[in-house]
Each structure stands twice: as C-alpha cells, then as structure tokens.
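The structure under discussion appears below in the form of structure tokens.
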Protein chains: 2
Amino acid sequence: MRRKAAPTISDVAALAGVSRAVASRALSASKRPVSGDKRDRVLAAAAELGYRVNLLAQSLTTKTVNLVAVLVNHIHDLSDLDLFDLLLAEIQAGGRQVILVRVGSTDKVEEFLRQGVAYHVDAALVFSDFADAATVRRMFRSDLVIMLNGRHDHRSPAIIPDEAVGIGQAVADAAAKGVKRASLVTGRASSLVEQARIGLYRRAFQFHDIQLLRTWQGDYSYRSGHALAPGLLDGGQPDAVFCTSDAMAMGILDVFRTDFPDNRPARFRLYGFDNLSLLDFEAYPISSIGYDKAAYVARMLRLLNEPPAGEGTFAPELVPTRYVPRLTG
Amino acid sequence: MRRKAAPTISDVAALAGVSRAVASRALSASKRPVSGDKRDRVLAAAAELGYRVNLLAQSLTTKTVNLVAVLVNHIHDLSDLDLFDLLLAEIQAGGRQVILVRVGSTDKVEEFLRQGVAYHVDAALVFSDFADAATVRRMFRSDLVIMLNGRHDHRSPAIIPDEAVGIGQAVADAAAKGVKRASLVTGRASSLVEQARIGLYRRAFQFHDIQLLRTWQGDYSYRSGHALAPGLLDGGQPDAVFCTSDAMAMGILDVFRTDFPDNRPARFRLYGFDNLSLLDFEAYPISSIGYDKAAYVARMLRLLNEPPAGEGTFAPELVPTRYVPRLTG
DNA sequence: CTGTTAGCGCCTTCAA
DNA sequence: TTGAAGGCGCTAACAG
C-alpha cells in the first residue's frame, strides 16, 4: 500500500535549482525575502511535483503544530452540536485542525497519562468533566488549556456559563405563573458544575417562596429522565419540574405528554436546561435555559488566537445565560 | 504563557547516565536489547522529569503518526452519533487519535488543497460527500483512504451500506399492508449515494406494483421535511411516504402527527431512513431502515489495523441494511 | 537577496 | 548490550 515517497522540499529546491532555504522562503505564507524569479521557479517546481509541506516536520522547528485538542466525554455530551459545529468551523478557519479526544471516564485519563505519549498541541479545549486543568496540562504538552467544564484552577483560563441569570429568570417565570411547589431533577452530583447549578436553583426557589418537594437524581440522559418519570408525582404533586438537562426533560415529557398538538404535560410545568436545538421542533416544546453560543465560541477563539502572555493567574470568564420560554413553561 | 521547555529524551538519558539510544530503547513499547539495570534507571529518570515522548518528532523517523483523519460535511451529518462515538472509541483503543475535519462544501476542499499543507496521517475516513477518493489522497499524504460516501474509485477501499435489502424489506412491508400509492422524499440528488437509493426505491415500488405519485426534493434536514410537508397531499393522497432520511421524516411527522399517544400520521404510513437512535423515543416512532453499526465500524477498523498491502484495486465492501418496523410503518 | 549551517526530538543503523 | 553517528523534513540564524 506504499505509494512512492512524497516529495520533500529538497526535491523542490533541486528541481528549481535553488537552495532549500530559498525554497522554504518562497513556499512560506508570510512574506520572506526571495527574488521574484526564483519564487516563480520554486512555485512551479512545487506544483509539478505535487509538493505539500509536512506540517509535522515543520512543527519541529517552528514549535507550533496548528493542532488543537478538544476533550469530550462522549460525543453525545456535546450537549449542543450546533455549538460544536461552529467551534470546529472557526478553528479550521484559523488554519488549525482539531484532534477530538473522547475521554469517557477517569480511567481513560489515567490510561492516557500512563501511556506516556503526548501530542504537543498548541492548545486544548476541555469539555469533558473527567479531567481537571492540571491533568490536561500533563496530558498535552500545552501551555494553553482552556477549561470549559468548571474544573479549572488559577493557572489555566476558563470560560463558564453564568447560570445564575438564566436560572433566576426561569424560576421567576414559574413563580409569576403561580408555581408554589417544585421538584428538581439533577445529573451527576459529583460534578462541580452540577453542584453549583443545584445551589442556584435552591436559592432561586427560596427567593420566590417556592417549596422544593424533592430532588431526583438522574445522569443528564433521556433514559434517566424517562426512567424516573413514573415516580415523579409520588409524595406530593409539584406545580413545576425543573431539570438540569434538556435530555432528562425530554424523557419526562415523553411519559407525561398528553394531547396533540399541545404536547405538554398536563399536571405540571416543565423546565429544561441547555436549550438544545431539538427543542425548536414541535415534539419537544420545552422551556429551557441557554446561552449565546456564538459569544461562547468567540471567547474560546479569542483565547486561542491571542493567548495570554506570561504565567498569569486566571479568573474564569462568564458567558451570560437566559431563559427561553416555550410551551411547557 | 511559556512553560519551561518539555524534557526531551536527551534529558532523560543524561539523568540516567546512559546514551540517548539506550534511553530510546528502554522507553520503547516493544522489546529491545537493554540491560535491566539501565532500563530501570531510564524509567526512573523519565518519571522524575515527567518525560513524555513527542509523537510528532517520533513520526519523523518512524513514518507513522498514529493519527487518523475523519472527514465530515457538518457535525450534524454524522447521521448517527452512536456510530461516530463507537468509531472514535475503537480508534482510540488502538492507540490512535482522530483529527476531525469538517469540510462543509466543495470550496473548502479546494481551499484545503490550495493551502498546500498536508497532515501526513496514517489513514483518512471519508464520510463527507464533498470529496472524492483522488482528492482525499491528495489532501492527506496517506495511502489509506477509506471511502464511506460512495465516491470511491478502485484505488481506495470503500465500505457502503447495501441498501437494497433494507429498502426492499420496507417497501415489501408497505405492500403487505395494502399500500398502492406512495410518495418519495429525497435529499440532494447530486449525491451518487442518493441517486442509487432513489433507484432502489423505484425498482421496489415497481416490483410491488406500487404507484409512485410524486418525488419531493429535500436536503435530508428536519427543516426541509417540515417545509415540504404541507403540500404533501396535493394532487393525490399517498398511502405511504418514504423519506431518504429520518430527519425529513421527523419534520413531516411533526406536521401530520395526530393523537397522543399514537403519534403517527393518520393519513399515510411513514418510512424513514437511517434508524436514528432518536426514533426509539416515543415522540418519533418512525419505521426506518438501518444497518449494523458495530459491523460497520468493525469493517473500518479491520482496514485500519490490517491495511491491504500493495497497490491493489478495491471493490467496495457491503454492509447489510435491514428494515426496522415501528408505529408509523 | 542567497546559500550554508545547525539544529528541532527521535530512532535506527552500525560498529564496538 | 551499548554508544556514536546519521538522518527524517523543515526552518532560523548567520554570513555573504
């Protein structure tokens, strides 16, 4: 399966009758001193040979690979594909490529570490909550680890949604509609982000004099919401059910949905979290909490393109969230 | 933002008091001649320094990067995330990482080519239908381009679903239930895969004496199905509507769904294509056509792990499809 | 503007 | 079993 060896810059230089250095300069994207004559000859030679620079070899001297690692738990955890699609497009627009690393579990992280290999990427974006900042800095020989999972420390920049606003708005909406008793459906309580989120709901309930009937433990998935739904009304009927993920809310909705075309539960108001684009379909008209994806991605790109200098300490940047009303709210 | 330079194998060798060659051998995964004594010292030194081999530098000599490129149109086009998640996990299990390349349009491919760079990946998996085999072979300096989009030639291996079986079963199911008149909702007709698929439906209709009332042109998306749905019954009422993607069928279902909990259109039977995992939710109980994802991924991995030798010519491998009945069929 | 030189980090001869 | 040397493909630094 071996093709004839790819032409190197030496081949190009030889064919053009110049030194390798001149060929390198002529081929460079940035302006470098080369006479017009030789530049033309080099370019012609490169075209004739079908030459393409080997980025890996290049990176050995330039110390930059144009590679960004993106760490996720599972693909499904890209809670919003729109967000990820945008991110990928923007990174590629900047001439970089993405190494998508699926972590899946803390074990995987340790295995990764044990293997002792490291892609020396320019930066790492961490969505997965199975890795903390220090670990990722070790996994990749990168100075620029951007934490998006809440497990940041002061040594790496972080961007996190400011959930207080959106949660406050959602609970206020419920209160305004007369909700007095609520239940809360949560994800893995081990996650710091989730703990903070739960805290915000509790405070908002308190502020609006809403009684928290009960907290249910799911795992963010549709399946978990669906599974716990049948018991949801046991021991007190809530006026509203708040879920810390849209997927769980969808699972609950599928158990409680009543008449078409209303599609909402009759017994309680339902609030999700994430504002999945799926919710714009008629089948899941769930009121939710989301943030400005474009702004979120823009923040990440600013960090990638203008990496903070020095060994600074970092405070997390906040991206505002907002309540998005739909039929179930 | 610069951390102290990462330790190299020279640092390890120096600390262990051996030559770089010995350090290299000691650190190698495969068995190489090193005395137990020195091996221990090298390993200890590596651990002390937090040494991790630079895969990119390694690849310069070994000619293998352990990097696989995966080309997709948009993320949404990963018509099945389950498939992609499995693929990613399996590739990583083999010690490789994935560069996810979002192509988006034919323009992007040309831009990629124009830039003149090339990641010398070990292999490329092509889901995107914006690139043909020859182009991808040029994009990446790879001998192993696995085509999954139907745009293969004889020089690269290909795996494609054998859609004849699934489509045959679906149409037979409809015929058995008395369907006499059908409409067909398609995606981009420019795609070879789509043309073949349409041809299979036509032949199956003919075989079962089903009249094809009309063909509607969508673009695989929910939005397109939703948009064309209102006109679907104009000029003749079909007994069944076949869609070449589940997303379009979902869009149509949301326009025509009637009573809960039946959730299906009253006026016609509805058949999708892809067997998205979303269809297992109650909200979209669409009969569909799918294939064995695990088998599909297994085929890809066999090609990755045991790359065919020599300059052989390749005939596409077929993965069987099957009809998956649900409420709407 | 140009060519030479000296590496980047690693591995693989090769001779000892 | 070991170490020295050479080279993978490329570019920065340096003279000219």
Side-chain angles (χ1 to χ4, degrees), chain A residues 2 4-42 45-46 49-67 116-122 140-141, chain B residues 2 4-42 45-46 49-67 116-122 140-141:
Chain A
R2 199 129 286 289
K4 59 185 172 307
T8 74
I9 201 167
S10 293
D11 299 325
V12 175
L15 182 58
V18 299
S19 72
R20 292 185 327 189
V22 169
S24 170
R25 288 194 275 260
L27 260 9
S28 162
S30 51
K31 291 226 178 308
R32 296 286 181 67
V34 197
S35 67
D37 166 44
K38 299 204 172 177
R39 151 168 283 116
D40 293 345
R41 269 156 50 201
V42 168
L49 261 30
Y51 169 79
R52 349 211 67 207
V53 61
N54 181 339
L55 253 42
L56 268 31
Q58 194 177 59
S59 77
L60 216 46
T61 46
T62 61
K63 299 290 180 198
T64 161
V65 252
N66 288 320
L67 238 32
V117 304
Y119 289 91
H120 293 215
V121 296
D122 295 334
F140 300 90
R141 274 279 179 245
Chain B
R2 199 131 286 291
K4 58 185 176 305
T8 73
I9 201 169
S10 294
D11 300 323
V12 175
L15 181 58
V18 300
S19 73
R20 294 181 323 184
V22 170
S24 170
R25 288 193 277 260
L27 260 9
S28 163
S30 50
K31 292 223 178 310
R32 295 288 180 67
V34 197
S35 66
D37 165 44
K38 299 204 172 177
R39 150 168 284 115
D40 293 344
R41 270 156 50 204
V42 168
L49 293 173
Y51 169 79
R52 349 211 67 205
V53 59
N54 182 340
L55 254 43
L56 268 29
Q58 195 176 62
S59 77
L60 255 188
T61 44
T62 60
K63 299 292 179 197
T64 163
V65 252
N66 288 320
L67 237 33
V117 306
Y119 290 92
H120 293 216
V121 296
D122 295 335
F140 301 90
R141 274 278 178 246

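Heavy atoms only: backbone and side chains are in, while hydrogens, waters and symmetry mates are out. Chain letters run A, B, ... following the sequence lines, proteins first, then strands; residues in each count from 1.
- Scanning all heavy atoms of the two residues, the minimum distance from A/Thr8 to A/Tyr51 falls at C-CE1, 3.5 Å.
- Relative to the side chain of A/Thr8, the nucleotides C/dG3, C/dT12, D/dC10 differ in distance, and D/dC10 lies closest.
- When each of B/Val12, B/Leu15, B/Ile9 is tested with B/Val42 by the rule side chain to side chain contact (heavy atoms under 4.5 Å, CB included), just one qualifies, namely B/Val12.
- Residue order along DNA chain D, read from the 5' end via each residue's closest nucleotide, puts B/Val22 first among A/Arg32 and B/Val22.
- Looking at the side chain of B/Pro33, the nearest of the listed nucleotides D/dT2, C/dG9, D/dC10 is D/dT2.
- Residue B/Leu55 is the one, among B/Arg25 and B/Leu55, whose nearest nucleotide of DNA chain C lies closer to the 5' end (criterion: closest heavy atom).
- Nearest-nucleotide mapping onto DNA chain D: of A/Ser10 and B/Ser19, the residue sitting toward the 5' end is B/Ser19.
- Residue A/Thr62 places its side chain closer to D/dT11 than to any other of C/dG3, C/dG9, D/dT11.
- Ranking D/dT11, C/dT12, D/dG7 by closeness to the A/Ile9 side chain, first place goes to D/dT11.
- No donor-acceptor contact under 3.5 angstrom links the side chains of A/Thr64 and A/Thr62, judged on distance only.
- The two residues B/Lys63 and B/Asp122 come nearest to each other via the heavy atoms O-OD1, 4.5 Å.
- An OP1 or OP2 oxygen of C/dC11 is reached within less than 4.0 angstrom by a side-chain nitrogen or oxygen of B/Gln58.
- Closest approach to the A/Leu60 side chain among D/dG9, C/dT2, C/dG3 is made by D/dG9 (side chain taken as heavy atoms from C-beta onward).
- Residue B/Lys63 places no side-chain N or O under 4.0 Å from the OP1 or OP2 atom of C/dC11.
- In terms of phosphate contacts, A/Lys38 brings a side-chain nitrogen or oxygen within less than 4.0 Å of OP1 or OP2 of C/dT2.
- Between A/Ser35 and A/Arg20, the residue whose closest nucleotide on DNA chain C is further toward the 5' end is A/Ser35.
- Distance from the side chain of A/Val53 is smallest to D/dC10 among D/dT2, D/dC10, C/dT2.
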